[in-house]
Amino acid sequence: MKTVDMRQLLSAEWGADDHAFVTTQFGASIAFKATGVKEVQFQFSDINDQTSFVIQINGEPWREILVSEQRLIFQIAANIAYVRIMLRDSSASSLTLWQNPVVLTTMAIDDGQVTPVIRKESFVTFVGDSITAGESMAEDGNHPELSYPQLVADCLGRPLNRIAYGGTGLTPNAPFQEPTAIEALWQVAENIERPRVLTDLVIVNYGTNDFNYGATAESFAFGLRIYLLELIKRFHSAKIVLILPFNGAFQSVYQNEVKRFNNFSMMLTNDWPISKDRVHPLSSEHKQIAEHILRGL
């Protein structure tokens, strides 16, 4: 087996730390073109066995593969193959990942070569909570590969930059405060800087957890105002679209706060057929969300 330099193969959700790569993000991915490669191995550090990834080869349906003895191993049948691997970790939560980051140390192939998939388009960035992360989309758990951010990015033909952690929000009412919404913008894991990417479109969906856990309109307005300033600081040259929470929460707050700035536009969701009976939309609803976003852009 020969070692591969992974730096140009990793998505924007991976940060660097002492000769290893670190992520805490569902949907963090690795993409490459493989020529003459029959087997690929990834080596991790301190990762739980049965941690799940999904893989797609030459556009075929995604399939699950599991970590075993700190390694992820799979075979490639085609002589030329376009490969995407994505962290799914079907039974974990965002807080679990933040507290126990995935650390990738090496990539090796048996023969041939791998090359990065060069994409000249700028990134589309999605920011939010567990819905944006693709958590709990089906009975078998998380599916970031089928979530609306991935569907929109694929349809636009752009690479995806996802910043999304379950249980988070813009007020202290949100059940998870690790990471905070602002911390997540700048760090991919604790004390590990989030890579900067060229992005001209940022789509934000926050407020569900704040509303569900009792935040007042006044509290949310204060948190939103601070967060909008942080978004401008991070993505000052991008178009930033704020999606109203799918449960309709804080609509007047969003409309009032957006008037204070010239950097934002709003996308209402009142007429989107998303079930109000569950926090996390189903896979079929993620597809509908993606279609609405694409029409609204």
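Only heavy atoms go into these numbers, but all of them, side chains included; no hydrogens, no water, no symmetry mates.
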A.B. asks: For a quick check under 3.5 Å, do S136 and R278 share a side-chain donor-acceptor pair by atom type?
C.D. replies: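 No.
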A.B. asks: Would you mind reporting whether D46 and V103 have side-chain heavy atoms less than 4.5 Å apart?
C.D. replies: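 No; the side chains remain at least 4.5 Å from each other.
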A.B. asks: Which atoms form the tightest heavy-atom contact between K2 and D111, and what is the distance?
C.D. replies: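 Smallest interatomic distance, heavy atoms only, reads CE-C, 4.1 Å.
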A.B. asks: For S265 and K239, which heavy atoms make the closest approach, and how far apart are they?
C.D. replies: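 What the structure gives for the nearest pair is OG-CE, 4.2 Å.
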A.B. asks: Hey, does L268 have a side-chain heavy atom less than 4.5 Å from the side chain of M266?
C.D. replies: yes
A.B. asks: Evaluate the ring pair (Phe, Tyr, Trp, His ring centres under 6.0 Å) criterion for residues Y254 and F220: first the C-alpha distance (whole Å), next the side-chain angles of each, then the deciding distance (0.1 Å), finally the verdict.
C.D. replies: CA-CA 9 Å; Y254 268 104; F220 189 75; 5.6 Å; yes
A.B. asks: Could you state whether M86 and Y82 fall into the same hydrophobic cluster, counting links through intermediate Ile, Leu, Val, Met, Phe, Trp or Tyr residues with side-chain heavy atoms under 4.5 angstrom apart?
C.D. replies: no
A.B. asks: Using modelled atom types and a 3.5 Å cut-off, is there a donor and acceptor pairing between side-chain atoms of D210 and backbone atoms of L170?
C.D. replies: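 Flag set: sc D210 to bb L170 pair under 3.5 Å.
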A.B. asks: Check whether any side-chain heavy atom of Q8 sits under 4.5 Å from a side-chain heavy atom of F32, and report yes or no.
C.D. replies: no
A.B. asks: Check the pair F74, F53 against ring pair (Phe, Tyr, Trp, His ring centres under 6.0 Å), reporting the backbone distance first and the verdict last.
C.D. replies: CA-CA 11 Å; F74 60 91; F53 287 74; 10.0 Å; no
A.B. asks: What's the separation between atom OG1 in T132 and atom NE2 in H286, rounded to the nearest 0.5 Å?
C.D. replies: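 Going from the OG1 atom of T132 to the NE2 atom of H286 covers 8.0 Å.
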A.B. asks: Look at the side-chain heavy atoms of Ile, Leu, Val, Met, Phe, Trp and Tyr, link any pair under 4.5 Å apart, and say whether Y227 and F261 land in one connected group.
C.D. replies: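 Same cluster: Y227 reaches F261 through Ile, Leu, Val, Met, Phe, Trp or Tyr contacts under 4.5 Å.
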A.B. asks: Going by the side-chain contact (heavy atoms from CB on, under 4.5 Å) test, name the single residue among L9, L10, L72 that passes it with M107.
C.D. replies: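 For M107, the side-chain contact (heavy atoms from CB on, under 4.5 Å) check succeeds only for L9.
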A.B. asks: Under a plain distance cut-off of 3.5 Å, with no hydrogens placed, do N191 and Q187 share a side-chain donor-acceptor pair?
C.D. replies: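 Per modelled atom types, Q187 and N191 side chains form no pair under 3.5 Å.
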A.B. asks: Answer whether the closest heavy-atom distance between the side chains of Y213 and T171 falls below 4.5 Å.
C.D. replies: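 Answer no - side chains too far apart.
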A.B. asks: Taking the side chain as every heavy atom from C-beta outward, state whether F42 and I30 have any atom pair closer than 4.5 Å.
C.D. replies: yes
A.B. asks: State, with a plain yes or no, whether a side-chain heavy atom of R234 is found less than 4.5 Å away from one of R196.
C.D. replies: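 A side-chain contact under 4.5 Å exists here.
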A.B. asks: Is it true that D200 and S122 share a donor-acceptor pair across their side chains at a distance under 3.5 Å?
C.D. replies: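 Side-chain D/A pair, S122 to D200: present.
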A.B. asks: Determine, step by step, whether W62 and R84 satisfy the side-chain contact (heavy atoms from CB on, under 4.5 Å) criterion, reporting the C-alpha distance in whole Å, the side-chain angles of both residues, the deciding distance to 0.1 Å, and the verdict.
C.D. replies: CA-CA 9 Å; W62 293 94; R84 289 200 293 178; 3.4 Å; yes
A.B. asks: Can M137 and H280 be said to form a side-chain contact (heavy atoms from CB on, under 4.5 Å), step by step?
C.D. replies: CA-CA 6 Å; M137 290 172 54; H280 298 100; 6.0 Å; no
A.B. asks: Could you tell me the separation between the CG atom of L87 and the OG atom of S11, rounded to the nearest 0.5 Å?
C.D. replies: 9.5 Å
A.B. asks: Could you go through T216 and N173, starting from their C-alpha distance and side-chain angles, then the distance that decides it, and tell me whether this counts as side-chain contact (heavy atoms from CB on, under 4.5 Å)?
C.D. replies: CA-CA 9 Å; T216 64; N173 294 75; over 6 Å; no
A.B. asks: Of the non-hydrogen atoms in R71 and Q41, which two are nearest, and what is the gap between them?
C.D. replies: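 Taking every non-hydrogen atom into account, NH1-OE1, 3.3 Å.
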A.B. asks: Between side-chain atoms of residues 14-25 and protein atoms elsewhere (two or more places apart, or another chain), which donor-acceptor pairs fall under 3.5 Å?
C.D. replies:
{"residue": "W14", "atom": "NE1", "partner": "S29", "partner atom": "O", "Å": "3.1"}
{"residue": "T23", "atom": "OG1", "partner": "E13", "partner atom": "O", "Å": "2.8"}
{"residue": "T23", "atom": "OG1", "partner": "Q25", "partner atom": "N", "Å": "3.2"}
{"residue": "T24", "atom": "OG1", "partner": "Y165", "partner atom": "OH", "Å": "2.7"}
{"residue": "T24", "atom": "OG1", "partner": "V188", "partner atom": "O", "Å": "2.6"}
{"residue": "Q25", "atom": "OE1", "partner": "A164", "partner atom": "N", "Å": "2.9"}
{"residue": "Q25", "atom": "NE2", "partner": "A164", "partner atom": "O", "Å": "2.9"}

A.B. asks: If you link I, L, V, M, F, W and Y whenever their side-chain heavy atoms are under 4.5 Å apart, who else ends up in the same group as I131?
C.D. replies: V124, F126, Y148, V152, L156, L160, L201, I203, V241, I243, F246, M267, W272, I274, I289, I293, L294, L297
A.B. asks: Above 12 or not: heavy atoms from other molecules or residues under 6.0 Å from CG of D49?
C.D. replies: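 Yes.
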A.B. asks: Assess whether side-chain contact (heavy atoms from CB on, under 4.5 Å) is satisfied between V127 and N205, documenting all intermediate values.
C.D. replies: CA-CA 6 Å; V127 186; N205 180 228; over 6 Å; no
A.B. asks: Hey, does H143 have a side-chain heavy atom less than 4.5 Å from the side chain of R88?
C.D. replies: yes
A.B. asks: Is L185 linked to I226 within one hydrophobic cluster, defined over Ile, Leu, Val, Met, Phe, Trp and Tyr using a side-chain heavy-atom separation of less than 4.5 Å?
C.D. replies: yes
A.B. asks: Taking atom CD1 of I76 and atom CD1 of I109, what is their separation to the nearest 0.5 Å?
C.D. replies: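 Answer rounded to 0.5 Å: 8.5 Å.
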A.B. asks: Does some side-chain heavy atom of P273 sit less than 4.5 Å from a side-chain heavy atom of H292?
C.D. replies: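 Of all side-chain heavy-atom pairs linking P273 with H292, at least one is under 4.5 Å.
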A.B. asks: Measure the spacing between CG of L66 and CD of Q50 and express it to the nearest 0.5 Å.
C.D. replies: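 Reported to 0.5 Å precision, the distance equals 5.0 Å.
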A.B. asks: Rest of the hydrophobic cluster containing L95 (Ile/Leu/Val/Met/Phe/Trp/Tyr, side-chain heavy atoms under 4.5 Å)?
C.D. replies: F176
